[in-house]
Amino acid sequence: MPAPRVRFAPSPTGYLHIGGARTALFNWLFARRTGGTFILRIEDTDRVRSTESSLQAILDGMRWMGLDWDEGPAVTTADGTVIGGGPHAPYFQMQRLGTYERHADALIEGGRAYRCVCTKAELDVLREQAKAEKRGFKYPGTCRDRGIAKGTPGAVVRFRMPAEGATVLHDLVKGEIVTQHSELQDEVIVRADGVPLYNFGAVVDDVEMGITLVARGDDHVVNTPRQMLMYQALNYPVPVFAHLPMILGADKQRLSKRHGAVSVLQYRDDGYLPGALLNYLVRLGWSHGDEEIFTLEDLKSKFDWEHVGATAGVFNPEKLLWLNQEWIKRTPVAELSALVRSLRDLGPAEQLDGFILLMKERAKTLLDFADAYTRLIAPLQVEYDAKSVAKNLTAESKPMLAEARALLATRFDDGTPALDAAFRDFAAQKGLGLGKVLQPLRVATTGSTVSPPLFELLALVGKERTLARLDAALEKIA
RNA sequence: GGCCCUAUCGUCUAGUGGCCUAGGACGGAGGCCUCUCACGCCUCAAACAUGGGUUCGAAUCCCGUUAGGGUCACCA
């Protein structure tokens, strides 16, 4: 059995969204699992909606997620290596028009397709009529046997669908789906200007590129029998199909912009780790017993089609956020630090690594690190939260804080454990619980009642700043 | 509307005829730990859409109903 060849074939008409990313992921996983080839093909035949910026967004999104392609558009990565290219270049459909023409001509030659000069306007009238009479519309076959010659102005190419029989699809996730040929109609496969339509372009390229398995969204199931007929007409073995269920919003409607972030790159900008997003996406519709956390490396050996579910899944941002936190906990500080710096300009931020270590179990996104650093470490003077101040920086606590300042001033450089011990003694002497001492101190030095462990945090802030903040707080109480 | 797909806790799912008084995870509630927060740990609430079959036995197989979704282009 030849090595599998699979493809992800987006059209550059928008950003790479969550659904597309999952389709790409499952294809990539299958290729990596089986030692097959993962091909990226750009289906840019919708010239009105295709844009260069969409293409860039798709390429960037793929690379951010770490889904590298073995064949496809050539891209030079940051370290100078080139990914993509390949024996079937170009991987852009608009650059492959000659190929579609050749196959269309062969189909016409063999009687499997024909040229047609019916105009869209004429057909639309019939379509309207049918609709008014509540009938289904099918192309009446006006040009079917007219033998219209190549080069006839305005002639499109239609595929001749068989009138009888049925096509059976054995889908890897949906099971057996039977389609009666009577449901099909002679559809246009090539426009008058030589640009192919989706069903034909995809099939021709799959044939040319030797695709063995097609995994795509299940909104394509109805296209599949028609495409199967075309593979057969082209004398190519029909690939195996796997139709992945849709991803829905909380309202069970297909995921779209109004459900919030659906662009993969938006998640990058919002401080998500690519591994976490991928982890979430793979678990949405696939399972491996009770396991929840998967790396791409795990998946290379664990992914299978058997456990891909057949039901549409609701996108759950909360679970993604939880996974992101889990991934952050598992990512080395140095890596997190570099990512945070790539997201936000924090200046020299000498204490960033130490701060990330402190915050690692507290951050849900990378932006949490940046925001907290900007609030807790960077400024000379902190912003005071009114409620926290009202409760903790009282005239009553002022004398205690003044003493605490003195203690801090003398013992600061002894290190965190010593400081901690000193304050425990201090609290005990005063007959106070540790919290009664540390909460006012926390508010005085950080501005709020919530922070990472205080002495470890203040060690990063530094003695001078800590005391300055404390002095400012003391003054505030006056 | 025609054709097609789907149906287990709010959500993602385990389950492939007996292991199911249905398991895990997110989220929720309560508790423990604790200088606050977070982490961690413990406990709780929460589901087989519905009606018929088949079978000694059904969440699992079949049919109907209902509900969701997909698709009916010279878009992809």
Side-chain angles (χ1 to χ4, degrees), chain A residues 9-13 43-46 48-50 93 116 118-121 123-124 127 131 134-138 154 156-158 169 171 173-175 177-180 182-185 187-193 195-199 201-202 216-225 243 245-246 248 250 252-254 280 283-293 306-307 309-323 325 329 358-364 368 388 392 420 423-424 427 433-439 441-443 446 448-455:
Chain A
S11 60
T13 53
E43 306 207 332
D44 53 357
T45 54
D46 185 342
V48 203
R49 293 193 300 149
S50 294
Q93 290 192 319
C116 166
C118 299
T119 65
K120 178 139 193 324
L123 262 19
D124 281 345
R127 230 186 301 269
K131 200 179 167 191
K134 296 197 189 256
R135 284 186 290 110
F137 171 79
K138 270 174 80 165
V156 302
V157 181
R158 282 184 188 272
L169 160 65
D171 191 89
V173 344
K174 298 270 179 187
I177 298 174
V178 181
T179 304
Q180 298 300 324
S182 55
E183 296 293 327
L184 275 19
Q185 63 172 321
E187 62 185 60
V188 176
I189 56 174
V190 183
R191 299 176 175 97
D193 60 5
V195 178
L197 261 66
Y198 168 70
N199 275 332
R216 77 230 298 194
D218 73 3
D219 48 340
H220 284 298
V221 277
V222 289
N223 286 322
T224 305
H243 284 96
M246 300 275 91
L248 275 23
K252 306 252 183 179
Q253 296 297 301
R254 206 178 176 142
Y280 179 74
R283 276 289 291 111
L284 184 55
W286 175 82
S287 61
H288 190 80
D290 286 343
E291 289 180 58
E292 294 289 347
I293 313 283
E306 271 104 277
H307 293 88
T311 63
V314 173
F315 187 83
N316 184 345
E318 308 244 270
K319 185 154 184 180
L320 171 58
L321 196 60
W322 170 75
L323 271 172
Q325 184 173 19
K329 283 193 287 191
L358 254 190
M359 279 287 294
K360 228 180 151 189
E361 313 236 296
R362 279 160 252 267
K364 288 185 189 303
D368 289 347
S388 303
N392 292 280
D420 188 87
F423 270 87
R424 276 172 203 279
L434 192 54
K436 291 276 185 243
V437 173
L438 292 195
Q439 277 304 81
L441 191 58
R442 188 188 312 278
V443 174
T446 71
S448 99
T449 51
V450 177
S451 84
L454 191 57
F455 296 121

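Letters A, B, ... are given to chains in the order of the sequence lines, protein chains preceding strands, and every chain is numbered from 1.
Listed for the A/D171 side chain is a donor-acceptor partner under 3.5 Å among the backbone atoms of A/H243. Side-chain N or O atoms of A/K252 include none that pairs as donor or acceptor with a backbone N or O of A/V314 at under 3.5 Å. Counting only distance, with no hydrogens or angles, the side chain of A/K174 and the backbone of A/L169 share no donor-acceptor pair below 3.5 Å.
Nucleic acid contact for A/G136: none, since no nucleic acid atom lies under 4.0 Å from a heavy atom of the residue. A/G285 comes within 4.0 angstrom of sugar-phosphate atoms only, judged by non-hydrogen atoms across all strands, and of no base.
The minimum heavy-atom distance between A/P452 and A/M359, with the atom names listed, is CG-SD, 3.8 Å. Residues A/P245 and A/V173 share a closest heavy-atom pair of CD-CG2, 4.5 Å.
Rounded to whole Å, atom P of B/A25 lies 19 Å from atom CG of A/L320. In this structure, A/L184 places its CG atom 14 Å from C1' of B/G2, rounding to the nearest Å. A/F455 has its CZ atom 8 Å from the C1' atom of B/C35, to the nearest Å. Between A/I293 atom CD1 and B/G24 atom P there is a gap of 17 Å when expressed in whole angstrom units. As a whole-Å value, the separation of A/R283 CZ from B/C12 P is 11 Å. The nearest whole Å value for the distance from the CG atom in A/L323 to the C1' atom in B/G24 is 14 Å. Separating the CG atom of A/L358 from the C1' atom of B/C35 is a distance of 14 Å, rounded to the nearest angstrom. The OH-C1' distance, from A/Y280 to B/A25, rounds to 11 Å in whole Å.
Here, B/G53 and B/U60 have their C1' atoms 15 Å apart, quoted to the whole Å. Annotation: B/A49 and B/G30 have their C1' atoms spaced 32 Å apart (nearest Å). Taking atom C1' in both B/U8 and B/G68, one finds a spacing of 16 Å when rounded to whole Å. Distance noted for atom P between B/C20 and B/G2: 43 Å (whole Å). As rounded to the nearest Å, B/C37 and B/G28 have P atoms that lie 16 Å from one another. A gap of 12 Å separates the C1' atoms of B/A47 and B/U13, to the nearest Å. B/C63 and B/U54 are spaced 15 Å apart, taking the P atom of each and rounding to whole Å. Taking atom P on both B/U50 and B/A59, the two are 11 Å apart, rounded to the nearest angstrom.
In this pair, A/F455 and A/F423 present their aromatic rings tilted. The plane angle is within the 30 to 60° band.
Judged by Watson-Crick or G-U wobble contacts below 3.5 Å, the nucleotide B/G64 has B/U50 as its partner. In this entry B/C72 has B/G1 as its Watson-Crick or G-U wobble partner, both defining distances falling under 3.5 Å. Remark: B/C44 base-pairs with B/G28; criterion is Watson-Crick or G-U wobble with both hydrogen-bond distances under 3.5 Å. The partner of B/C35 cannot be assigned: no Watson-Crick or G-U wobble pair with both contacts below 3.5 Å exists in any strand. In this structure B/U21 sits in no base pair that meets the Watson-Crick or G-U test at under 3.5 Å.
Taking 4.0 angstrom as the limit, A/H307 places a side-chain polar atom (N or O) nearer than this to OP1 or OP2 of B/G15.
Remark: A/Q439 CD to A/S451 OG distance equals 8.0 Å, nearest 0.5 Å. The CG atom of A/D124 sits 11.0 Å away from atom NZ of A/K131, with the distance rounded to the nearest 0.5 Å.
Residues A/K360 and A/K329 fail the side-chain proximity criterion, which asks for heavy atoms closer than 4.5 Å. A 4.5 Å side-chain heavy-atom check between A/R283 and A/E292 finds at least one atom pair inside the cut-off. Counting heavy atoms from C-beta outward, A/T45 and A/P196 have side chains that approach closer than 4.5 Å.
In A/K436, the NZ atom is not crowded: 12 or fewer heavy atoms of neighbouring residues, nucleotides or ligands sit closer than 6.0 Å.
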* Asked: When every nucleotide of nucleotides 64-76 of chain B is labelled 5' to 3' by its protein contacts under 4.0 Å (heavy atoms), B for base, S for sugar-phosphate only, - for none, what sequence of letters results?
  -> -----SBS-SBBB
* Asked: When every nucleotide of nucleotides 36-43 of chain B is labelled 5' to 3' by its protein contacts under 4.0 Å (heavy atoms), B for base, S for sugar-phosphate only, - for none, what sequence of letters results?
  -> BBBSS---
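The side chain of A/N316 sits closest to B/U11 out of B/U11, B/G27, B/G23. If you check B/A14, B/C35, B/G27 against the side chain of A/E318, the one that comes closest is B/G27.
Applying the 3.5 Å distance criterion, the base of B/G2 shares no donor-acceptor pair with the side chain of A/E183.
Mapping A/H288 and A/L434 onto RNA chain B by nearest heavy atom places A/H288 at the nucleotide closer to the 5' end.
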